[in-house]
Amino acid sequence: MTEYLTRLNPEQRAAVEAVDGPLLVLAGAGTGKTRVLTTRFAHILMTRRAFPNQVLAVTFTNKAAKEMRERVSSILGQSAEGLWLGTFHALCARMLRRNAELVGLSSNFTILDTDDQMRLLKQIMAAANIDTKRWTPQVLMGAIQRWKDRGLTPDRVTDAEDIDFANGRARTLYAVYQDRLKQLNATDFGDLLLHVTEILRNNPDVLANYHRMFRYILVDEYQDTNTVQYLWLRLLAQRPDPAERNICCVGDDDQSIYSWRGAEIENILRFEKDFPGATIVRLEANYRSTRPILGAASHLIANNAGRMGKTLRPGRNDAEGDKVRVVSLWDSEEEARMVGERIEALRRDGHRLTEMAILVRAGFQTRAFEERLITLGVPYRVVGGQKFYERVEIRDAMAYLRVLNQPADDLAFERIVNTPKRGLGDTGIRAMHDLARREGKPLVVAAWRMIETGALRPKPRQALHELLEGFARWRAALPHEGHVVTVATLLDESGYTDMWKQDKSPEAAGRLENLKELLRALGEFESLAGFLEHVALVMENDENPDADRVGLMTLHAAKGLEFDTVFLPGWEEGLFPHQRALDEGGDKGLEEERRLAYVGITRGRQRVIISHAANRRIYANWSSAVPSRFLDELPEEHIQRDGGASAHRNKMASMPSAFSGQFPLVARKPRVAEAGAWEVAARPSRSATMPVGQRVFHQKFGYGRVVAAEDNKLDVEFEQAGRKRVIDSFLEKA
DNA sequence: ACCGGCCAGATTTTT
DNA sequence: TCTGGCCGGT
């Protein structure tokens, strides 16, 4: 029965078996954190300490939640449905739906996306006559988010926490924003946590109920919790009997990389004070990486102050391996070439592409690698980037669904009222707004009123009337026709699909495809409301993860993942550590960048290849770059430094001393130098192998036809992606 | 209501 | 260099 325990090492086992009382598990990278968490969950159930619904298990990502769910159910040998297992946001949404009325919402409230939040805030600022040039909505949005991250409702924001905005009106605007959300029966992301925390604070009976319910609490990635999340956890964990405060937090202070999103590394550093008598278990045996990789990572992170302290040691007998390579290159193009070559070489040796990843500091860096991989014909996958549910057509369709689900959803209604065009412009919508505000009614009600009173010209009036009647009809059809059929009808009858059918742009076909995909996804849910909730909280759709592709992503996106081979390009001052992190965060910022570097290195199992380029194009012009200080913080014994491809040795020799391989002589400048003196040889122009009219294929843009050619640059009209200018070598004849 | 031109801004973004 | 947001003209 306790067979699952024998698969653990002593420290892991200690973490699993210390079930009673508060426990902090400091889990270094690759030390079996997830295994401990899931085994502990299962252990609690197997030893009958609690029923499945009496355990609260919290993660940050949907992915982590899914993984935990799968692993728990595999240990238990049964499905893990109905558990309180999920992301902070998903769990809070669930709690809030149970008690929405306590914060003035009804349980079918809408969760707004950032787009909606922004529009709402702009409206509020416009109504308050604020000069949005001088005081941007982005800044206010940021402040509101930070306040919410810290558990501050408008009345709790003190002078010290106020920002300089619109002559001290930020707090008032925040209050107005919250009122509007309430009127709209909507919340933003931050509200999910904020409202629930507020409910738990103000309603002892509700809190007591949860105290009775949740006998055990498990928290993943504790180092990333922000203040509201911390407050929420603490409220739930502080059960009346101190002996029953069974909260287990797992985390790694060295992997805290989200302070800019409100994460408080203090939460983990302070755990023992918050929960007196807490046990602390350190997981330090790393089963993932080779000795040199661990040595490099440990040596680097040792430069940070204020750590909980923890040393990774190889947990495998076969931990010997290649040294971590540091490659110096001439420019970012050569860097991309080097990475491409190594990927090809590994591939020839039988390594799978899914076991390789290129981890960059900033999104724009992916482009150079994408282009290179396309020329080489190496399949890749960009993790992150634009998400399915962020596309216009999906957002529009979702807005229709939201209105169907909740007529009072003004933001959604406003989005679709003139999409497709119904002849309602700014003026019409403003009139509708004014009327709605005067009467304190939702926009839909105002819209009906305007039709009745004849305040509109005949054309918009008729179109609007049709739309509103449509909604009444679709809503009536919903119960007996089912949500999938009803939504399909809605998209047709509202004219939305027609709008794209008549659109001659090359993207239109793809958009219609996406709408079909949306319907398919909708079919997987039992109800419209369930689907809307899912989309609001999840926002992802993973396409065939089986395909063998190189991963291309930011360091942030790579957290929690691991690969045999990891490329870490762009280790240059100003880029990594990023200049802005240094400017805004000072030493704290630098330390977080260093943790990011630590996260990057520890993603690798067998091979880590770090690189930096002496020249990098930033926007328009080339500028020279100083190697990152992190390169100097790597231990020589585990590092092998080398130049780029041999073909470039000559160039290397003529480089300034900043680039002589060890670069100790150059004083480091705080900023990337603006020099840009070196000309880079132009790519040799090819003969016109792709004549105008040639049908071509591009890995990223798909099929298209060449419409113009100039040297090796071709203008191609792509069927899906539209007209693009591309280099001929990125194309294949089709 | 819609289109084209001009200007600022261009890290990271689990939900 | 490329993009998105805003303004002014049709």
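No experiment lies behind these values; they were computed from the predicted model shown. Throughout, a chain's letter reflects where its sequence line sits, starting with A, and its residues are numbered from 1. We use all heavy atoms of the structure for the numbers below, so side chains are in, but hydrogens, waters and symmetry mates are not.
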Base, sugar-phosphate alone, or nothing: which one does [X] contact when heavy atoms must sit under 4.0 Å apart?
| X | value |
| --- | --- |
| A:Lys559 | nothing |
| A:Gly560 | nothing |
| A:Leu424 | sugar-phosphate |
| A:Gly363 | sugar-phosphate |

- Message: Ignoring hydrogens, what is the shortest heavy-atom contact between A:His612 and A:Trp571? Give both atom names and the distance.
- Response: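 That closest heavy-atom pairing would be CB-O, 3.1 Å.
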- Query: Considering all heavy atoms of both residues, which atom of A:Leu518 and which atom of A:Phe531 are nearest to each other, and what is their separation?
  - Reply: CD1-CZ, 3.7 Å
Over how many whole Å does the gap from [X] atom [atom1] to [N] atom [atom2] extend?
| X | N | atom1 | atom2 | answer |
| --- | --- | --- | --- | --- |
| A:Met553 | B:dT14 | CE | C1' | 14 Å |
| A:Arg261 | B:dT11 | CZ | C1' | 13 Å |
| A:Asp220 | B:dT15 | CG | P | 13 Å |
| A:Asp188 | B:dT15 | CG | C1' | 11 Å |
| A:Asp115 | B:dT13 | CG | P | 18 Å |
| A:Trp232 | B:dT15 | CH2 | C1' | 13 Å |
| A:Asp224 | B:dT12 | CG | P | 18 Å |
| A:Asn226 | B:dT15 | CG | P | 14 Å |

- Verify stack between A:His578 ring and B:dT11 base, 5.5 Å, 30 degrees: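 Yes, A:His578 stacks on the base of B:dT11.
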- Item | Face-to-face stacking of A:Trp260 with B:dT12, centres under 5.5 angstrom, angle under 30° |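 Yes; by the centre-distance and plane-angle rule, A:Trp260 counts as stacking on B:dT12.
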- Item | Donor-acceptor pair present, A:Arg361 side chain and B:dT11 base, under 3.5 Å |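 Not at all, since no donor on one side and acceptor on the other fall under 3.5 Å apart.
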- Message: Heavy-atom nearest nucleotide on DNA chain B for A:Arg580 versus A:Gly428: which residue maps closer to 5'?
- Response: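 The residue closer to the strand's 5' end, by nearest nucleotide, is A:Gly428.
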- Between A:Ala581 and A:Asn418, whichever has its closest DNA chain B nucleotide further toward 5' is A:Asn418
So, is [X] near the phosphate of [N], with a side-chain N or O under 4.0 Å from OP1 or OP2?
| X | N | result |
| --- | --- | --- |
| A:Thr554 | B:dT13 | yes |
| A:Lys63 | B:dT15 | no |
| A:Asn62 | B:dT14 | no |

Using the side-chain heavy atoms of [X], tell me which of these nucleotides is nearest: [options].
| X | options | result |
| --- | --- | --- |
| A:Thr87 | B:dC2, C:dC2, B:dT15 | B:dT15 |
| A:Tyr258 | B:dT15, B:dT14, B:dT12 | B:dT14 |
| A:Glu584 | B:dT13, B:dT11, B:dT14 | B:dT11 |

- salt bridge (Lys or Arg N to Asp or Glu O under 4.0 Å) between A:Glu335 and A:Arg616, worked out: CA-CA 10 Å; A:Glu335 184 178 53; A:Arg616 187 168 296 274; 2.9 Å; yes
- Task: Without swapping roles, check the side chain of A:Asn418 against the backbone of A:Leu424 for a donor-acceptor pair under 3.5 Å.
- Result: yes
- Task: Could you tell me whether A:Asp115 and A:Arg415 make a salt bridge, using a distance below 4.0 angstrom between a side-chain N and a carboxylate O?
- Result: yes
- Do the charged groups of A:Asp188 and A:Lys148 touch, with an N to O distance under 4.0 Å? yes
- Item | Whole-angstrom distance between B:dT13 and C:dC2, as gauged at atom P |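 My reading of the P atoms in B:dT13 and C:dC2 gives 22 Å.
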- Between CZ on residue A:Arg595 and CG on residue A:Leu555, distance to nearest 0.5 Å: 13.5 Å
- Item | Partners meeting salt bridge (Lys or Arg N to Asp or Glu O under 4.0 Å) with A:Arg402 (sequence neighbours left out) | A:Asp116, A:Asp409
- Message: My understanding is that only residues two or more places apart in sequence, or in another chain, count here; which of them pass salt bridge (Lys or Arg N to Asp or Glu O under 4.0 Å) with A:Glu414?
- Response: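 Expected list: none.
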- What string of B, S and - do you get for nucleotides 4-10 of chain C 5' to 3' if you count protein non-hydrogen atoms under 4.0 Å? ---S---
